Amino acid sequence: MPQEVHSLYLDHHRWLQGWLRHKLGCAHQAADLAHDVFVRLLLRREPAPMREPRAYLTTVARGLLIDHWRRQDLERAWLEALAALPEPVSPSPEERQLAVELLLQIDAMLAGLRAPVRTAFLLAQLEGACYDDIASRLGVTRRSVERYVAEALFHCYSLRHAC
């Protein structure tokens with residue numbers, strides 16, 4: 001497997017980096033993401049079919065691009081929220097970085113949930129909405145909301161303790 005990835009790297013890395021540079025508009029970020037694509041391939045347990053290597057590399061790169069853009073959106077939202085705080089309340093750069101990393105972990109955990117489960121969980125946790133209100137907003141029964149929140153909690157707990 002490492003030899004296959006090495007050959008793939010030699011044959012297609014430059015092309016992939018150019019494709020990513022076009023998408024991102026930044027050579028440094030493109031270089032980082034291009035390397036991340038090949039790291040992903042090295043970490044795979046099973047070799048990927050390589051009939052169309054560029055199509056495959058593009059698919060992997062698109063997933064990493066989505067993660068990259070999601071991270072940028074989270075960081076931007078966090079920085080906007082911080083800018084609204086009065087100066088004495090503003091956290092240190094270290095605290096800001098820890099908060100961004102925590103937000104990314106939470107986002108990754110919630111990304112694996114179905115939309116109604118994620119929505120019910122966020123309404124309960126962030127807005128403090130009661131289950132009856134959530135049920136009304138989602139157009140489902142209270143029992144469904146109870147199952148959704150339990151599913152979300154179990155999902156997050158399972159991911160947190162999988163390592």
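Model, not experiment: these values are computed from the prediction.
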Name all pairs fulfilling the side-chain hydrogen bond (donor to acceptor under 3.5 Å, both in side chains) condition that reach into residues 118-131, sequence neighbours left out, sorted by first residue then second.
Glu127-Arg137

Over all heavy atoms of both residues, which pair between Val100 and Trp78 is shortest? Give the atoms and the distance, please.
CG2-CD1, 3.4 Å

How far apart are the closest heavy atoms of Gln17 and Ala27, and which atoms are they?
NE2-O, 4.2 Å

With the side chain counted from C-beta on, respond yes when Phe121 and Leu153 share a heavy-atom pair under 4.5 Å apart, and no when they do not.
yes

Set of side chain to side chain donor-acceptor pair (under 3.5 Å) partners for Asp107, sequence neighbours left out
Arg70

Does any pair with a residue in residues 9-20 pass salt bridge (Lys or Arg N to Asp or Glu O under 4.0 Å), and if so which ones, sequence neighbours excluded?
none

With Thr141 via side chain to side chain donor-acceptor pair (under 3.5 Å) - residues at least two apart:
Ser144

Can you name the residues that form a side chain to side chain donor-acceptor pair (under 3.5 Å) with Asp132, not counting sequence neighbours?
Arg142

Shortest non-hydrogen contact from Leu16 toward Leu57:
CD1-O, 4.2 Å

Mutual orientation of the aromatic rings belonging to Phe38 and Tyr9 [parallel < 30°, tilted 30-60°, perpendicular > 60°]
perpendicular

Would you say the side chains of Gln105 and Glu101 form a donor-acceptor pair under 3.5 Å?
no

List the residues meeting side chain to side chain donor-acceptor pair (under 3.5 Å) with Glu80, not counting sequence neighbours, and say none if there are none.
none

